[in-house]
Amino acid sequence: MKKVVVIIGAFLIFTSCEDVVDVDLPETEPRLIVDGLLRVNKSQEFIDVRIAMRETSNFFEDNPPTQVESAVIAYGIPNEFGEFDSLAFSSLAEEEPGTGIYVPDPNFSSDQRIRTQSAEPGTVFILQISHRDKSYFARTEYASTVPIDNLEQGDDTLFNEDETEVIVTITDNPDHTNFYVFDFGFGNFQALDDRFFMGQQFAFSYFYDNELEPGQQIRVSILGADQDFHNYIDLLVEQTMNNGGVFETPVATVRGNVFDVTELDNIDIFDNVERPNDYALGYFAVVQEFSSNLIIQ
């Protein structure tokens with residue numbers, strides 16, 4: 001009995017002496033965040049270009065929108081030497097003041113929207129940004145994908161009975177190695193490659209850990225991806241699990257494909273290998289998207 005009294009007494013001592021401790025957090029230079037995932041619906045006339053620009057903030061604070069001096073998307077198909085004989089351009093402007101959302105400039109002298117027919121295999125898209133006296137560059141190749149064959153609700157659970165299982169079925173393109181990114185909504189993403197089912201139909205289960213209500217509609221999308229984008233999402237999912245989604249909390253250790261090219265005069269070294277700390281967070285990708293809806297039973 002005496003041992004119990006001692007434990008309780010110690011508990012009261014520790015819980016009754018709560019002091020507020022001020023922690024001096026390190027000041028870090030704000031870093032540009034680029035959310036540049038452009039989803040291509042081939043049934044639409046134009047690509048829905050919306051790029052969010054934000055800056056990192058101090059610990060425990062949201063990352064606020066930021067304004068850039070200029071943002072341009074160039075696109076074209078390189079020749080056999082990797083060079084461009086011609087490029088088309090789309091100038092971007094902030095959609096509404098203070099939002100940090102950039103869209104094709106509606107006030108430009110010509111139509112700056114990008115036609116969907118421009119997004120074909122082999123087309124390279126380049127994003128160039130000027131922000132706070134720095135220049136940023138991102139390069140990506142359009143990634144097509146396959147449609148979702150079937151989307152249905154399952155009855156299994158993985159960890160607890162509140163989970164909801166959905167079963168996704170696709171048929172892999174047998175012509176080459178494919179990478180996929182699945183968007184399950186609510187900030188949930190999953191990267192997948194076809195190493196074990198190349199050229200075959202494949203079904204897999206995804207479990208929502210939050211309870212979904214009967215009659216609720218969910219939307220599942222499959223996105224095209226190259227290996228770099230697949231690896232980026234895979235690493236983000238790993239590092240942001242249970243943390244609000246891969247596009248809510250950028251992780252400083254996960255580098256995307258937006259590089260600081262300030263004062264570089266050779267675009268061939270845009271990956272900036274000799275300046276490893278000069279880069280923006282986020283990613284720029286132009287990918288085909290197919291979506292399916294499911295009503296939860």
Side-chain angles (χ1 to χ4, degrees), residues 33 35-44 46-52 54 62-63 65 95-96 99-101 103 116 143-172 178-194 197 201-225 229-230 232-251 254 282-283 285-297:
I33 305 170
D35 181 357
L37 176 57
L38 305 186
R39 306 176 185 224
V40 178
N41 182 342
K42 298 294 281 187
S43 67
Q44 301 297 317
F46 298 100
I47 298 175
D48 183 18
V49 176
R50 295 175 61 83
I51 298 179
R54 292 177 290 155
D62 292 333
N63 297 316
E95 185 176 37
E96 296 290 342
T99 62
I101 304 297
V103 300
T116 302
S144 59
T145 191
V146 299
I148 295 174
D149 294 340
N150 188 53
L151 181 67
E152 61 182 342
Q153 184 174 346
D155 299 322
D156 292 337
T157 58
L158 191 61
F159 296 113
N160 62 73
E161 61 183 14
D162 291 333
E163 294 174 330
T164 301
E165 179 191 26
V166 296
I167 304 171
V168 184
T169 304
I170 64 171
T171 300
D172 183 62
N178 294 286
F179 299 91
Y180 305 104
V181 169
F182 290 87
D183 180 356
F184 291 94
F186 313 103
N188 299 315
F189 287 78
Q190 184 67 50
L192 183 70
D193 67 73
D194 68 353
F197 59 91
Q201 189 172 69
F202 177 72
F204 69 97
S205 294
Y206 182 87
F207 295 89
Y208 289 87
D209 55 10
N210 52 318
E211 187 174 3
L212 302 179
E213 299 295 332
Q216 181 177 351
Q217 179 175 279
I218 61 171
R219 185 178 182 86
V220 176
S221 299
I222 181 173
L223 310 177
F229 184 48
H230 165 277
Y232 174 80
I233 292 294
D234 195 43
L235 189 55
L236 274 185
V237 169
E238 178 182 337
Q239 295 202 16
T240 60
M241 196 165 294
N242 301 321
N243 200 25
V246 300
F247 292 110
E248 295 300 318
T249 311
V251 181
V254 181
Y283 209 93
V286 182
V287 303
Q288 186 176 18
E289 176 186 41
F290 289 102
S291 300
S292 292
N293 296 323
L294 178 66
I295 303 296
I296 298 300
Q297 304 299 317

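The ring of Phe229 has its center no closer than 6.0 angstrom to the ring center of Phe179.
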Check the pair Tyr180 / Asp172 against side-chain contact (heavy atoms from CB on, under 4.5 Å), numbers first and verdict last. CA-CA 10 Å; Tyr180 305 104; Asp172 183 62; 2.5 Å; yes

Quick one, Asp156 with Phe207, criterion side-chain contact (heavy atoms from CB on, under 4.5 Å). Give me CA distance, side-chain angles, the key distance, then yes/no. CA-CA 9 Å; Asp156 292 337; Phe207 295 89; 4.3 Å; yes

May I have the step-by-step check of side-chain contact (heavy atoms from CB on, under 4.5 Å) for Val166 and Phe184, ending in yes or no? CA-CA 10 Å; Val166 296; Phe184 291 94; 4.3 Å; yes

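The shortest heavy-atom contact between Leu38 and Asp48 is CD2-O, 4.1 Å. Closest approach of Val220 to Ile148, counting heavy atoms only: O-CD1, 3.6 Å. Across Asn160 and Thr157, no two heavy atoms sit closer than the pair O-CB, 3.4 Å.
The closest donor-acceptor contact from the side chain of Glu152 to the backbone of Ile167 lies at 3.5 Å or more, if one exists at all. Looking at Glu95, its side chain never comes within 3.5 Å of a backbone N or O of Val103 through a donor-acceptor pair. The main-chain N or O of Asp155 is found under 3.5 Å from a side-chain atom of Glu165 such that the two form a donor-acceptor pair. Using modelled atom types, no side-chain atom of Thr169 and backbone atom of Asp149 make a donor-acceptor pair closer than 3.5 Å.
Between Asp209 and Phe159 there is no side-chain heavy-atom pair separated by less than 4.5 Å. Leu37 has its side chain within reach of Val287: a pair of non-hydrogen atoms, C-beta onward, lies under 4.5 Å apart. Using a 4.5 Å heavy-atom threshold, the side chains of Tyr232 and Val254 count as touching. Annotation: side chain of Val40 is in contact with side chain of Thr116 (closest heavy-atom distance under 4.5 Å).
Between Tyr208 and Phe186, the ring-plane angle classifies as perpendicular under the 30° and 60° cut-offs.
Residues in residues 180-191 take part in these salt bridge (Lys or Arg N to Asp or Glu O under 4.0 Å) pairs, two or more places apart or across chains: Arg39-Asp183.
Scanning for ring-ring contact (aromatic ring centres under 6.0 Å, His included) contacts around Phe197 gives Phe202, with sequence neighbours left out.
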Please tabulate, for the side chains in residues 290-297, all donor-acceptor contacts under 3.5 angstrom to protein atoms that are two or more places apart in sequence or on a different chain.
unit_1	atom_1	unit_2	atom_2	d
Ser291	OG	Ser221	OG	2.6
Asn293	OD1	Arg219	NH1	3.2
Gln297	NE2	Ile295	O	3.2

